[in-house]
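Heads up, the thing below is written out as structure tokens.
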Amino acid sequence: MTNGKRGRAVVAVLVVVAPLLLLTGFLWAGQRSVIYLPSAVVPPPAAEVIPGAQDVHLTAEDGLVLGGWFVPPPGRGREAAVLVANGNAGNRESRVPLARALAAEGFAVLLFDYRGYGGNEGSPSEPGLAADARAAADHLAERGFAADRTIYFGESLGAAVATGLAVERPPAALFLRSPFSSLADLGERHYPFLPVRLLLWDRYPVAEQVAGVDVPTTVVLGDADRVVPPEQSREVAAASPNLVEEVVLPGADHNDAELVHGPEVIEAFVRLADRAL
């Protein structure tokens, strides 16, 4: 190969490789801004949104104070609580329809925002969200809802947070909506051209962890989910040693209302609660 041809070959390689290296470096440095999409908007007072709801403050083990809402059932309750672990976007106000529906079934419901969400200080990370979930469980325990009277409801990324909490503090039951098998698996699906497993700081090994959680578990998924592949949610369901149900909503995408708080989701949750409690 002549020097001219060799030079042109090097340039061609650089044209292809350099942008990929730049993109890899950008995603490595800014990966948490891709994973976590918080709304910094401070939610309004709880009672303005849900009659009877109360504003609460949770204190994480590192001293960070988190905002939340405690939603009691409107009548005689089931003497059981739901700890809702949110997905990666929005804030607790986005979960109002879910809280209303669960409270109407007799459950006390705790909505809270992770660090960096809903006006809270701090920046989200896997260890940080784990600490926030522990603070939520501590708050419910202070209200008389020990782990064995609490059901963890995790949606998407929150399914990973709820599963991690369940490993440490087994609940009465575990309800996982649109869980991914691991963050690395999900990242490889969306960024197949990048060495995702080498880049990730946060791992969230949901399928691996759920295999060690022997509590009644339900997994709900939409078979048209374009964010979390349905096969990953099915992998989580298959890994559970105490699976009650795998509920599939035909045609449902990740953020469709029917999959977020629709009647089939609420009915599946009630069935799980009846089984566990």
Side-chain angles (χ1 to χ4, degrees), residues 30-72 81-103 107-140 150-165 175-180 183 202 204 227-228 253-262 265-266 269:
Q31 60 183 268
R32 283 182 173 146
S33 66
V34 176
I35 297 167
Y36 306 102
L37 305 172
S39 167
V41 175
V42 180
E48 291 184 7
V49 183
I50 305 175
Q54 306 163 20
D55 291 296
V56 299
H57 294 91
L58 321 176
T59 303
E61 57 207 32
D62 57 2
L64 202 64
V65 178
L66 311 171
W69 293 340
F70 180 77
V71 184
V82 186
L83 187 160
V84 178
N86 299 340
N88 74 327
N91 61 32
R92 62 186 180 274
E93 191 174 7
S94 311
R95 280 75 189 181
V96 166
L98 174 64
R100 285 177 174 158
L102 293 172
F107 300 97
V109 183
L110 179 62
L111 301 180
F112 70 100
D113 282 315
Y114 307 124
R115 58 192 63 212
Y117 288 73
N120 293 332
E121 295 182 356
S123 299
S125 65
E126 184 175 10
L129 268 59
D132 299 345
R134 286 192 288 271
D138 288 343
H139 181 84
L140 285 175
T150 300
I151 299 174
Y152 301 162
F153 186 120
E155 54 174 39
S156 192
L157 176 72
V161 176
T163 301
L165 180 62
F175 190 90
L176 305 178
R177 198 274 286 177
S178 306
F180 49 74
L183 191 59
D202 297 337
Y204 294 111
V227 176
V228 175
D253 199 357
H254 194 75
N255 293 312
D256 288 349
E258 62 182 302
L259 185 56
V260 176
H261 52 74
V265 173
I266 303 304
F269 184 89

Exercise for the section: List in chain and number order the residues that pass side chain to side chain donor-acceptor pair (under 3.5 Å) with D113, two or more places apart in sequence or in another chain; answer none if no residue qualifies. Expected result: R92
Practice task
Taking all non-hydrogen atoms of both residues into account, name the closest pair between L176 and A159 and its distance.
Solution key: CD2-O, 3.7 Å
Problem - Parallel, tilted or perpendicular: rings of F107 and F269 (30°, 60°) - result: perpendicular
Practice task
Name all residues meeting the ring-ring contact (aromatic ring centres under 6.0 Å, His included) criterion together with F112; count only those two or more places apart in sequence or in a different chain, and write none if there are none.
Solution key: Y114
Handout entry: D256 side chain vs E258 backbone, donor-acceptor pair below 3.5 Å
Key = no
Fill in the blank from the handout: All heavy atoms of P179 vs all of V228, minimum pair found to be O-CG1, 3.3 Å
Problem - Results of side chain to side chain contact (heavy atoms under 4.5 Å, CB included) for A133 - residues two or more places apart only - result: V161, L165
Problem - Test side chain to side chain contact (heavy atoms under 4.5 Å, CB included) applied to H139 - qualifying residues, sequence neighbours left out - result: V56, L58, L110, E142, R143
Fill in the blank from the handout: Nearest heavy-atom contact between G116 and P124 is CA-CD, 4.4 Å
Fill in the blank from the handout: Rounded to the nearest 0.5 Å, the CG atom of N255 sits from the OG atom of S156 at a distance of 8.0 Å
Exercise for the section: Of all the heavy-atom pairs spanning V260 and H254, show the shortest one and how long it is. Expected result: CG2-O, 4.2 Å
Exercise for the section: Not counting sequence neighbours, which residues clear side chain to side chain donor-acceptor pair (under 3.5 Å) with T150? List them please. Expected result: none
Problem - Listed partners of D55 passing salt bridge (Lys or Arg N to Asp or Glu O under 4.0 Å), at least two apart - result: none
Problem - Check: V84 and W69 side chains under 4.5 Å, non-hydrogen atoms - result: no
Practice task
For Q54 and F70, indicate whether the former's side chain and the latter's backbone hold a donor-acceptor pair under 3.5 Å.
Solution key: no
Problem - Interatomic distance, L111 atom CG to L98 atom CG [nearest 0.5 angstrom] - result: 7.0 Å
When the side chains of residues 40-50 are checked against the rest of the protein, which donor-acceptor pairs come out under 3.5 Å, sequence neighbours left out?
none

Handout entry: From CG (L102) to CZ (F175), nearest 0.5 Å
Key = 8.5 Å
Problem - Partner residues of Y117 under the side chain to side chain donor-acceptor pair (under 3.5 Å) criterion, sequence neighbours left out - result: none
Practice task
Start with the C-alpha distance between L259 and S178, add both sets of side-chain angles, then the distance that settles side chain to side chain contact (heavy atoms under 4.5 Å, CB included), and finish with yes or no.
Solution key: CA-CA 9 Å; L259 185 56; S178 306; 3.6 Å; yes
Practice task
Look up atom CD1 in I151 and atom CG in L83, then write down how far apart they are to the nearest 0.5 Å.
Solution key: 11.0 Å
Problem - With sequence neighbours excluded, residues passing side chain to side chain donor-acceptor pair (under 3.5 Å) with D202 - result: R32, Y36
Problem - Donor-acceptor under 3.5 Å (S94 side chain, N91 main chain) - result: yes
Practice task
Kindly give the heavy-atom pair with the smallest separation between V71 and A53, and that separation in Å.
Solution key: CG2-CB, 4.1 Å
Exercise for the section: With sequence neighbours excluded, give me every salt bridge (charged side-chain N to carboxylate O under 4.0 Å, His left out) pair touching residues 116-138. Expected result: E61-R134, R115-D132, R134-E168, D138-R169
